[in-house]
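Working notes for the structure below.
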Amino acid sequence: MPELPEVEVTRRLLAPHVIGRVIHSVRCGPPSYFFLTPPRRLAAALGGQKIVSLERQGKYLLMGLGDGQRVLLHLGMTGQLFMAGAVSPRLMRVADHAGLSGSPPTRDRHTHLELEFEDGPPGLRFRDVRKFGKVRLLAPGQGDPRLDKLGVDALQADGEQLFSAARKRSAPIKTLLLDQGVLAGVGNIYADEALFMTGIRPTRGARRVSRKECLLLAENVQRVLTRSIETGGSSISDFVAPDGQDGQFQNERQVYAREGEACGRCAATIVRVVIGQRSSHYCPRCQR
DNA sequence: CGTTACACCTGAGGGC
DNA sequence: TGCCCTCAGGTGTAAC
């Protein structure tokens, strides 16, 4: 579900609600694919800690704790981080399922992490239906191979650097954009949208993209991500911002999940192809 | 090293 | 209604 804009919107909305607060109690779901650090160890380490920072690297969030430990978080495809009790029609549905409204509360099997604070509600919740999300505790000074592999943050996409990466690749340009080691934060929606804005067909081999096009592409990656952050991200199926508001960027999509619809620029029919096992959408007339 | 297929997990929606 | 299929915003790993 979440790409860089959704993660950044989550970070910005969450930060004022959690930074400076002290964790009073922790409830974790059972051990699963989701927990890189075993839940019992995680719960023990978080209790009594103050949250001092919340940063983003690509699609990862890093929560800094008072004693120098950090919590690495990834939302995967269906992860939702939010303050308990946030209100919106959409979140009410989540809350109903999650047992966060009404009484007595029924435990939601998809909420894997619940933090309560010493100064009272609202607590922080991490819900993730598919469990592709991740949580890992990092000791003070400890790094993580996932973070080490990340390329430049996509909000700082650099055209020259993109071009030099593209020269070495025979894979489609779309695959290059999705490579987190090249540009950290771009996912399926924004790769398609940036390629549309630049007039490049996602299937084109990366090494057939000119320097000039790479410069433009990097600019458009920044532009589309920035615009999406401004509109609160994309809420296509289940992204809910921590304040309970839906993002609005899905209303500005030009190609993603618009197969069969008319291109907004030339009225040709948007097509869908599969690249690297991911759906890709483009306008066959505007994109070459 | 680069590329590709597949696995991980759950739910929604379409066709019959 | 039930069943079976495909699809979903991601990423780690194995094999060529």
Side-chain angles (χ1 to χ4, degrees), chain A residues 1-10 29-36 56-61 72-81 90 93-94 96-98 108-112 127-136 144-151 154 164-194 202-203 205-207 221 224-225 228-229 231-241 246-253 255-260 272-281:
Chain A
M1 145 201 146
E3 304 181 32
L4 185 151
E6 292 74 34
V7 177
E8 178 61 17
V9 167
T10 296
S32 71
Y33 192 69
F34 175 85
F35 287 102
L36 295 176
R56 181 190 58 75
Q57 285 185 43
K59 301 175 194 172
Y60 289 90
L61 285 175
L72 180 65
L73 303 161
H74 195 287
L75 299 179
M77 290 279 270
T78 51
Q80 301 170 314
L81 265 178
R90 160 165 245 129
R93 268 177 271 133
V94 173
D96 287 342
H97 288 288
D108 165 37
R109 47 190 289 254
H110 299 306
T111 299
H112 307 110
R127 185 169 191 269
D128 183 5
V129 170
R130 291 178 74 183
K131 296 198 281 273
F132 289 169
K134 294 282 174 282
V135 54
R136 183 188 178 192
D144 184 283
R146 296 163 184 77
L147 296 178
D148 296 339
K149 275 189 236 164
L150 296 180
S164 74
R167 304 228 62 174
K168 306 166 196 155
R169 304 281 199 110
S170 62
I173 183 67
K174 164 91 182 264
T175 302
L176 187 74
L177 288 182
L178 291 178
D179 185 339
Q180 302 300 295
V182 175
L183 276 182
V186 177
N188 212 26
I189 297 178
Y190 302 106
D192 280 5
E193 295 297 323
T203 50
R207 69 169 61 130
V221 164
V224 71
L225 296 178
S228 181
I229 291 169
T231 61
S234 297
S235 297
I236 289 177
S237 70
D238 50 5
F239 173 65
V240 184
D246 283 0
Q248 293 301 131
F249 187 79
Q250 68 277 13
N251 301 323
E252 301 190 16
R253 279 171 306 144
V255 288
Y256 181 80
R258 292 198 58 216
E259 179 187 16
R272 170 184 175 274
V273 296
V274 174
I275 301 172
Q277 290 82 238
R278 313 293 304 276
S279 277
S280 300
H281 316 76

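The figures that follow rest on heavy atoms only: side chains count, while hydrogens, waters and symmetry mates do not. Just so it is clear: chains get the letters A, B, ... in the order the sequence lines come, proteins before strands, and each one is counted from 1.
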query: Does anything in residues 171-187 of chain A pair up under salt bridge (charged side-chain N to carboxylate O under 4.0 Å, His left out), and if so which pairs, sequence neighbours excluded?
result: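 Qualifying pairs, neighbours excluded: A:R169-A:D179, A:K174-A:D192.
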Starting at atom [atom1] of [X], determine the distance to atom [atom2] of [N], rounded to an integer number of angstrom.
| X | N | atom1 | atom2 | value |
| --- | --- | --- | --- | --- |
| A:I189 | C:dA8 | CD1 | P | 11 Å |
| A:H112 | B:dC8 | NE2 | C1' | 13 Å |
| A:E6 | C:dA8 | CD | C1' | 14 Å |
| A:L178 | C:dT11 | CG | P | 9 Å |
| A:R146 | C:dG10 | CZ | P | 17 Å |
| A:D179 | C:dG12 | CG | P | 11 Å |
| A:R127 | B:dT10 | CZ | P | 13 Å |
| A:Y190 | C:dA8 | OH | P | 16 Å |

Pairing residues for A:R253 by the salt bridge (Lys or Arg N to Asp or Glu O under 4.0 Å) criterion, not counting sequence neighbours: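 A:R253: no salt bridge (Lys or Arg N to Asp or Glu O under 4.0 Å) contacts found.
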field: Which residues share a ring-ring contact (aromatic ring centres under 6.0 Å, His included) with A:F35, sequence neighbours left out
entry: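 By the ring-ring contact (aromatic ring centres under 6.0 Å, His included) rule, A:F35 matches no residue at all.
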ring-ring contact (aromatic ring centres under 6.0 Å, His included) partners of A:Y256, counting only residues at least two apart: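 For A:Y256, the residues satisfying ring-ring contact (aromatic ring centres under 6.0 Å, His included) (neighbours in sequence not counted) are A:H281.
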Should [X] be listed as having a side-chain N or O under 4.0 Å from OP1 or OP2 of [N]?
| X | N | result |
| --- | --- | --- |
| A:H74 | C:dT11 | yes |
| A:H110 | B:dC9 | no |
| A:K131 | B:dC8 | no |

message: I need a per-nucleotide contact map over nucleotides 1-7 of chain B, read 5' to 3'. Cutoff is protein heavy atoms under 4.0 Å; write B for the base, S for backbone only, - otherwise.
response: -SSSBB-
- request: Check for a donor-acceptor pair, side chain of A:E3 on one end and backbone N or O of A:Y190 on the other, with a separation under 3.5 Å.
  value: yes
task: Taking all heavy atoms of A:T203 and all of A:P172, pick out the closest pair and write down the distance.
output: O-CB, 3.9 Å
query: Which pair of heavy atoms, one from A:T78 and one from A:R130, lies closest together, and at what distance?
result: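 Residues A:T78 and A:R130, closest heavy atoms: OG1-N, 2.9 Å.
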Toward the 5' end of DNA chain C, by each residue's nearest nucleotide, A:R130 or A:Q180: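 Going by which nucleotide is closer to the 5' end, it is A:R130.
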- prompt: Nearest nucleotide by nearest heavy atom, which residue falls closer to the 5' end of DNA chain C, A:R272 or A:K149?
  reply: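 Nearest-nucleotide comparison on DNA chain C picks A:R272.
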A:F34 and A:H112 aromatic ring geometry - parallel, tilted or perpendicular at 30°/60° bounds: tilted
Across the strands shown, which category fits [X] at heavy-atom distances under 4.0 angstrom: base, sugar-phosphate, nothing?
| X | answer |
| --- | --- |
| A:K59 | sugar-phosphate |
| A:S279 | sugar-phosphate |
| A:F249 | nothing |

Near-parallel close stack of A:F132 and B:dC9 base (under 5.5 Å, under 30°):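 The base of B:dC9 is not stacked with A:F132 (the test needs centres under 5.5 Å and planes under 30°).
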- prompt: Tell me, what's DNA chain C's dot-bracket, Watson-Crick or G-U with both distances under 3.5 Å, | for other-strand, [ ] crossing?
  reply: .|||||||.|||||||
